[in-house]
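Notes follow the structure.
One-based numbering along the sequence shown. These numbers come from the heavy atoms of this one structure, side chains and all, not from hydrogens, waters or symmetry mates.
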Amino acid sequence: MDKKWSLKELYTSFEDIQFQNDLKEVETILNDMRKYPLLPNEQSHLIQYLEEENHLDDLVEKLYAYVSLTMNADTNDYEAIKYASVIETLLASFADASAKIQKWIAQFDFQQLTDSYVQDHMFVLNEIKQQNKYLLDDQSESVLANMKTTGSSSWLKYKDQLISSLEVIMDGKVYPLTEVLNMAYSKDKEIRKKAYEAEIAAYTSVEHGIASALNAIKGEAITVTQLRGYDSVLQRTLIDSRMSQKTLDVLLATMKKALPMFEKYFQTKAQYLGYQNGLPWYDMYAPIVDVNSEYDYEKGSQFVIEQFSSFSQNLGDYAKMAIEKNWIDVYPRQGKVGGAFCNNLHCIEESRFLLNYGNDFSDVITMAHELGHGFHGHCLNSQTAMNANYPMPIAETASTFCETIVKKAALKNASQAEQLMILENELLDCAQVIVDIYSRFLFESRLIEKRKEGPLSVAEIKDLMIEAQKEAYGHGLDQNTLHPYMWTWKPHYYEADYAFYNFPYAFGLLLAKGLYGLYLKEGNQFATTYENFLSLTGKMNLEDVGKSVGIDLTSEDFWQNSIDMIQEDIYLFERLLREV
C-alpha cells in the first residue's frame, strides 16, 4: 500500500489538459458572473447565480486543492507555488465584481422568494446581506484582494518554506523538524531532552524571517479589519465563525476555571517522574508507564477502523475507504509540512489527509482526529458547495468526537497499564486543547494589541509566548523550561483572514464531549442523529446547530458538564497511578 496520497483523482499533473481547461473555465465563469449586478432583482436570476456560484466553488476548490496538496507534500515544488499565485491573482481580479454581486444580493426582498433551491440557501443569502455593511467600495475591494497576493499570502508561503526546510542538528546528525517533534513522545528521557534543546536552538536561524511573516500577516489583518469597520479582529472572527460573543465568553470563562484542575494534573505527573518544580516542557509527553504502545501504520489504521465501526458502520466504512484508496500521506520527510490536517474535497466527494506518523498511540489518535474531519465532509456531500462551508469552531467537533470514540473503546479492553497509557494520552490532548489553547488565545490577543503600535521584535514575541504559557499552565510546568518558539511552526497564526484559530479547538473538544454524553444516553441510534447534526453545520449559526440536538451553547452548565467528564478521567488516572 502506497504511503503517499493519491492526487490523480483531482489531476495527474499541472500539464494535465483537465487542469488547464478547468483553469480556463474558472476565468470564463468569473467573466460571465460580472453580469449579475446589471440584472433585475428577479428570483430566476438569483437561482442562476446560486447554481453558477456552487459550480464555481467546486471548480476552484478542485484546482486549489491540487495546488495546495502538492505544496504541502513538497514545499519546494515551485510549479505548485506558481499556480497558487496564478489562482490567487485570478480570484483577486474578481474582487470588485464579487463586492457588486454581494450588494446586488442584499437588494432582494427575501420574504418574496419561494423557490425551494433559493430557500435551501437562505441562511447563506441572509449572511451575505448582513455582512454587506463590512464591504468597501468596488475599487478598494479589488486593491485589497490584489495586495493580499503579494502580502499575507506570500508571507505565509515564505514561513512554510522556512519551517519545512529547517534542519535540526542533534548529536551531529541532521533531522527534519517533523521528525524531531515526534521525538517528544520517545520513551528515552535523554532523547526527549536533546530533541527539545536541538529544536529550540534550530529556530534561531529562522526566527527573524518568521517574525517578519507574523508581523506582516497580523499587520494586514488589523488594517483590513479597521478599513472594513469591524470593532476588532476578534469580532470579525466571531462573525465568520457564526458564533456569538456570549458563547465565546462562557467558553473562555469555563476554560479559565478549569486551569487549576490541569495544573494539579501536571504536578501529579511531575512528582511521579521525580520533579519538584513542575514538569519540564520536554517531558510533557513522557510516557507514564512502560507499555508497548507501538502502533505501526497498519496496526493503527486497523484499530481505528474497528473502533469507528463500534459507533456506526458508516463511520467504520468511511475510514476503511480512506485508508484503502490512498487518501492519506503518512510519514514525515524532508520538504513536507509538519503537523496533520484534513482537506475535504466536496468537488469530488472525497478527502485527503496529511499525517506525520511516528508509530505511537498518539499518532493513532491523530489519524482518528483527521478522519473525523473527513467524515464531517462526507456527511456534507449531499449539500451544495455553498451549504457545505462550515465555520472554524464546528470544524473541530467531529474530529474530537472521533478521538473520543477511539480512546473510550480502547480503554474497555486494556490492561491497567494500558489504561493508564490511554488516559495519559487523553488527558494530554485535553490539556493541549484547554490549557495550551487558552495560552494561545492570550498570546494572539496580546500580540494583535501590541502589533497595532508597530512590528514586534523576536524577543517581544518570545516574551509574549512565555508570559501566556506561565499564565495558563501555572506551576504545572517548570517555568524555566517552557517553549518560547511555539509561534514559529503552528500554522494557525499565519492566515490573515482567519485570526484566533485557537478557541475553535476548545469549542470542538467540549462540544464533542457533550455529544458523546448524548451518545451514552441514546446508544447506537445516536449515530443517525449525529450524521444529521453534521449535515446542518454549513447552513446554521452555531447556537442553532447546538439546538438541533438539544444543546444550549450559551449555558455555562453545558460547558462545565464537559469539563466534569475530563475531571472524572483525571480522578481515574490518579487512582491507577497509585496502583501501578
Side-chain angles (χ1 to χ4, degrees), residues 246-286 288 396 400 403-404 407 420 422-446 463-484 486 500 502-514 516-517 553-580:
K246 183 178 180 182
T247 296
L248 178 63
D249 289 344
V250 172
L251 173 65
L252 289 171
T254 310
M255 291 167 66
K256 185 176 182 179
K257 188 177 174 183
L259 294 179
M261 175 182 84
F262 284 103
E263 183 178 34
K264 184 174 181 293
Y265 156 69
F266 279 120
Q267 288 173 339
T268 299
K269 180 171 181 177
Q271 289 165 8
Y272 183 81
L273 294 175
Y275 297 106
Q276 300 303 316
N277 298 314
L279 198 61
W281 188 279
Y282 55 80
D283 268 355
M284 199 186 304
Y285 299 102
I288 207 79
E396 297 303 333
T400 311
E403 279 191 41
T404 306
K407 290 171 183 171
L420 200 50
I422 294 166
L423 274 172
E424 168 71 350
N425 275 281
E426 165 70 356
L427 293 174
L428 278 173
D429 286 346
C430 289
Q432 281 290 295
V433 174
I434 304 295
V435 186
D436 201 62
I437 287 298
Y438 189 78
S439 78
R440 291 189 222 174
F441 182 84
L442 294 177
F443 168 77
E444 191 162 4
S445 300
R446 293 162 183 171
D463 286 346
L464 286 180
M465 182 57 78
I466 291 296
E467 176 188 316
Q469 288 172 357
K470 285 181 177 179
E471 194 168 329
Y473 286 97
H475 291 285
L477 297 187
D478 183 341
Q479 299 197 352
N480 294 313
T481 59
L482 297 175
H483 200 309
M486 281 295 283
F500 292 100
N502 35 58
F503 69 78
Y505 284 95
F507 179 99
L509 170 75
L510 296 177
L511 178 55
K513 294 283 184 188
Y516 193 80
L553 297 179
T554 64
S555 165
E556 186 175 341
D557 287 344
F558 167 73
W559 300 110
Q560 188 57 49
N561 284 339
S562 294
I563 292 288
D564 290 344
M565 292 174 71
I566 301 172
Q567 178 71 80
E568 290 174 9
D569 284 340
I570 291 177
Y571 288 149
L572 178 58
F573 171 78
E574 290 173 342
R575 180 175 67 78
L576 290 171
L577 203 59
R578 288 193 298 269
E579 295 173 0
V580 170

Legend entry - Close side-chain approach of Asp429 and Thr400, heavy atoms under 4.5 Å: no
Legend entry - Student check: side-chain heavy atoms of Lys256 and Glu471 closer than 4.5 Å: no
Legend entry - Interatomic spacing from CG in Leu477 to CE in Met284 - rounded to 0.5 Å: 4.5 Å
Legend entry - Heavy-atom pair of closest approach, residues Phe262 and Leu427: CE2-O, 4.3 Å
Legend entry - Minimal non-hydrogen separation, Glu467 against Arg446, with atom names: OE2-NH1, 3.1 Å
Inset, instruction - Rounded to the nearest 0.5 Å, what's the gap from OG1 on Thr247 to CG on Leu553? Could you check? - result: 5.5 Å
Inset, instruction - Kindly indicate, with the supporting measurements, whether the criterion side chain to side chain contact (heavy atoms under 4.5 Å, CB included) is fulfilled by Tyr272 and Leu279. - result: CA-CA 10 Å; Tyr272 183 81; Leu279 198 61; over 6 Å; no
Inset, instruction - Take the angle between the ring planes of Tyr473 and Trp281 and call it parallel below 30°, perpendicular above 60°, tilted in between. - result: perpendicular
Inset, instruction - Hey, could you give me the CG/CD1 distance between Asn425 and Ile288, rounded to the nearest 0.5 Å? - result: 11.0 Å
Inset, instruction - With sequence neighbours excluded, tell me which residues meet ring pair (Phe, Tyr, Trp, His ring centres under 6.0 Å) with Phe503. - result: none
Inset, instruction - Taking the side chain as every heavy atom from C-beta outward, state whether Val433 and Glu396 have any atom pair closer than 4.5 Å. - result: no
Legend entry - Tyr516 side chain reached by Ser562 side chain, heavy atoms, under 4.5 Å: no
Inset, instruction - For residues Asp283 and Tyr275, determine if any side-chain heavy atom of one lies less than 4.5 Å from a side-chain heavy atom of the other. - result: yes
Inset, instruction - Looking only at non-hydrogen atoms, find the nearest pair between His475 and Glu263 and report the distance. - result: N-OE2, 2.6 Å
Inset, instruction - Taking all non-hydrogen atoms of both residues into account, name the closest pair between Leu442 and Ala468 and its distance. - result: CB-CB, 4.0 Å
Legend entry - Rounded distance (nearest 0.5 Å) linking atom CG of Leu577 with atom CZ of Phe573: 5.0 Å
Legend entry - Side-chain (Lys269) to main-chain (Ala286) donor-acceptor, under 3.5 angstrom: yes
Legend entry - Separation of Met261 CE from Ile566 CD1 (nearest 0.5 Å): 5.5 Å
Legend entry - Counterpart residues, ring pair (Phe, Tyr, Trp, His ring centres under 6.0 Å), relative to Phe558 (two or more places apart): none
Inset, instruction - Would you check if Lys513 and Leu509 make a side-chain contact, meaning some heavy-atom pair closer than 4.5 Å? - result: yes
Inset, instruction - Search all heavy atoms of Glu556 against all heavy atoms of Val250 and return the closest pair with its distance. - result: CA-CG1, 3.5 Å
Legend entry - Shortest non-hydrogen contact between Phe266 and Ala431, atoms and distance: CZ-CB, 3.6 Å
Legend entry - Rounded distance [0.5 Å steps], CD in Glu574 versus CD in Glu579: 12.0 Å
Legend entry - Side chains of Glu424 and Tyr265, donor plus acceptor under 3.5 Å: yes
Legend entry - Listed partners of Leu252 passing side-chain contact (heavy atoms from CB on, under 4.5 Å), at least two apart: Leu248, Met255, Tyr438, Phe441
Inset, instruction - Please answer whether the main-chain N or O of Ser555 pairs with a side-chain N or O of Gln560 as donor and acceptor at a distance below 3.5 Å. - result: no
